[in-house]
Amino acid sequence: MENELKIPSHVGIIVDGNGRWAKARELSRSKGHEFGFQNLQKLTTYMYRKGIKYISAYLFSTENFKRSDNEVNFIMNNLLVGRLKEILEFCHKEQIKALFSGRHEKLSAKVLKAMDQIETETKDYRERIFNICFNYGSHAEIVDATKKIVEDVQSGKLKINDLDEKIFSKYLYQQLPPVDLLIRTSGEQRISNFMLWQCSYAEFYFPKTLFPDFKAEDFDEALIEYTKRDRRFGGISYENESN
Ligand code: IPE
Ligand code: IPE
Ligand code: MG
C-alpha cells in the first residue's frame, strides 16, 4: 500500500479546534493553542518525512483579531515571539525554509522582528518549505496583488493585455505550486478565507479530530483518502470514454 500512496506536493492545513480541545479539558483557550503549537511541530516533521515538499499552515486569520486581547496576545507574544528560539531550532533541525504570508499591518514590531528573523535564518533551505499564514486572509492577498498590478500598469511596467492567470499569480504573497490537498481539522467544512486562488483544484479533507489530537496516523488516513480521489482538472479520466 505504502508504494501506491499518492503523495501531494503541497498540503494546506487549516489548524482548527484548539479552543474546543481546551474547553473539553477545562483548560484555557491559550492552553489549546500551546498544545496545537506542539502538535504542529510533530505533524509537520512527519509530513516532510512522508515526502511533502510544501506545507501552508493557517495559524492566524485577518479575522482572528476579533478575538479577546488575551487570546491574540498569547498567540502573538507567548507563542511566536516567546518561542522564537524553539521555532528556529526546529527549522534548523528539520532544514525547513519558513515563509510568512499575510499583512504586516496590526502586527507589533516585536512580532514582525521575530518573523523576519525566522525567514532570514532559514532562507537557504530548499527541500522543505513551510508557509506560515499569519494575519493572512485570501481576500486581503488578492486585493494586495491587485494594488501592485495597478501600480505596475500605471508605471508602464505591465501592459494590461499581458495580464493573465500566470502573471496574476506572480503578484500573490508567495511563488508556490497550487495546493493539492487541503486539510481542515475539527469537523468544520469551510475554507474561512484561506488560499482561495491556490486551492482552486485542491482536494478537500475534513476530519473531525481537533487539531491538538491530529497525529501522524490521522495524516496517513488523509493520504489514503487523497490517493482514492480522481483529480480530473476539468478533463476526463479515461482516454476512451465515449462522448
Ligand atoms: C485554531 O483553533 C487556531 C486559530 C484559529 C488561531 P481555534 O482557536 O479556532 O479553535 P476553536 O475553533 O475555537 O475550537
Ligand atoms: C480559521 O479558523 C482561521 C485559522 C485556522 C487561522 P477560525 O476558527 O477562525 O474560523 P471560523 O471562524 O470557524 O470560520
Ligand atoms: Mg476555530
Side-chain angles (χ1 to χ4, degrees), residues 10-44 47 54-84 86-87 98-108 111-112 114-115 118 130-144 172-174 176 179 181-199 202 204-215 218-219 222:
H10 188 172
V11 176
I13 314 175
I14 302 178
V15 165
D16 200 14
N18 291 348
R20 277 163 281 170
W21 185 91
K23 193 168 183 216
R25 287 160 182 77
E26 296 185 20
L27 298 170
S28 66
R29 292 184 57 85
S30 295
K31 273 278 168 221
H33 295 310
E34 196 173 320
F35 279 90
F37 172 85
Q38 298 302 341
N39 191 46
L40 187 62
Q41 293 183 48
K42 286 195 200 124
L43 181 68
T44 52
M47 289 167 69
Y54 304 93
I55 299 173
S56 289
Y58 200 13
L59 302 188
F60 195 90
S61 72
T62 45
E63 291 74 42
N64 287 148
F65 274 109
K66 290 177 190 163
R67 298 186 180 194
S68 72
D69 289 350
N70 246 352
E71 184 171 349
V72 172
N73 280 336
F74 185 85
I75 294 170
M76 302 274 161
N77 299 322
N78 293 59
L79 292 182
L80 185 61
V81 178
R83 304 286 183 92
L84 178 62
E86 185 180 333
I87 296 169
L99 304 166
F100 282 89
S101 293
R103 283 197 174 152
H104 284 184
E105 64 180 37
K106 291 198 191 170
L107 298 180
S108 70
V111 167
L112 291 171
M115 285 162 50
I118 295 168
F130 192 32
N131 176 32
I132 302 167
C133 298
F134 201 77
N135 195 18
Y136 175 87
S138 193
H139 285 178
E141 180 175 29
I142 292 169
V143 168
D144 290 348
L172 296 173
Y173 293 143
Q174 309 294 347
L176 301 177
V179 173
L181 170 63
L182 175 70
I183 300 173
R184 180 174 187 150
T185 54
S186 88
E188 307 299 352
Q189 301 190 16
R190 57 177 171 268
I191 197 161
S192 301
N193 205 8
F194 180 67
M195 295 188 118
L196 301 174
W197 177 281
Q198 297 88 337
C199 285
F204 286 20
Y205 183 67
F206 297 117
K208 290 212 164 52
T209 317
L210 303 173
F211 186 75
D213 287 332
F214 191 81
K215 307 286 175 202
D218 300 294
F219 182 66

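Whatever order the structure lists them in is the order used to number ligands and atoms, beginning at 1.
- What sits closest to atom 1 (C) of ligand 1 on the protein, heavy atoms only, is Val15 O, 2.9 Å.
- A donor-acceptor contact closer than 3.5 angstrom is absent between the side chains of Arg29 and Ser68.
- In this structure, CG on Asn78 lies 10.5 Å from CZ on Phe37, to the nearest 0.5 angstrom.
- Those atoms of ligand 1 that come under 4.0 Å of a heavy atom in Ile75, given as number and element, are 6 (C).
- Distance check: Glu141 CD to Thr62 OG1 gives 11.0 Å after rounding to the nearest 0.5 Å.
- With a 4.0 Å heavy-atom cut-off, ligand 1 is reached by the side chain of His33 but not by its N, CA, C or O.
- Using a 4.0 Å cut-off between heavy atoms, Arg67 contacts ligand 2 through its side chain alone, with no backbone atom that close.
- The proximity of Glu188 to ligand 2, defined as any non-hydrogen pair under 4.0 Å, does not occur for either the backbone or the side chain.
- Between the side chains of Gln198 and Gln174, no donor-acceptor pair of N or O atoms lies under 3.5 Å.
- Closest heavy-atom contact between Ile132 and Ala98: CD1-CB, 4.3 Å.
- Taking the Mg ion (ligand 3) as reference, the nearest N/O/S atom within Asp16 carries the name OD1.
- Atoms of ligand 1 found under 4.0 Å from any heavy atom of Arg20 (numbered from 1 in listed order, with element): 11 (P), 12 (O), 14 (O).
- Within the model, atoms CG of Asn131 and CG of Leu59 stand 9.5 Å from one another, a figure rounded to the nearest 0.5 Å.
- Note: Phe35 and Trp21 have tilted aromatic rings, judged against thresholds of 30 and 60 degrees for the angle between ring planes.
- Put simply, part of Leu59 is less than 4.0 Å from ligand 1, judged by heavy atoms.
- Of the heavy atoms in Arg184, only side-chain atoms (C-beta onward) come closer than 4.0 Å to ligand 2.
- Proximity to Arg190 (heavy-atom distance under 4.0 Å) selects the following atoms of ligand 2: 11 (P), 13 (O), 14 (O).
- Inclusion of Trp21 in the set of residues having an N or O under 3.5 Å from an N or O of ligand 1 is not warranted.
- Only side-chain heavy atoms of Arg29 come within less than 4.0 Å of ligand 1; its backbone N, CA, C and O stay farther off.
- Against a heavy-atom cut-off of under 4.0 Å, Ile14 is close to the following atoms of ligand 2: 5 (C).
- For atom 12 (O) of ligand 2, the nearest protein heavy atom lies 4.0 Å away or farther.
- The atoms of ligand 2 that sit less than 4.0 Å from any heavy atom of Ser61 are 3 (C), 6 (C).
- In the model, Asp144 has a side-chain atom that pairs as donor or acceptor with a side-chain atom of Tyr173 under 3.5 Å.
- Not close to ligand 1: Ser186, with no non-hydrogen atom less than 4.0 angstrom away.
- Looking at Phe60 against ligand 2, only its backbone comes within 4.0 Å, counting heavy atoms.
- Among protein heavy atoms, atom 10 (O) of ligand 1 sits closest to Gly19 N, 2.9 Å.
- Contact annotation: for Asn193 versus ligand 2, there are no heavy atoms closer than 4.0 Å.
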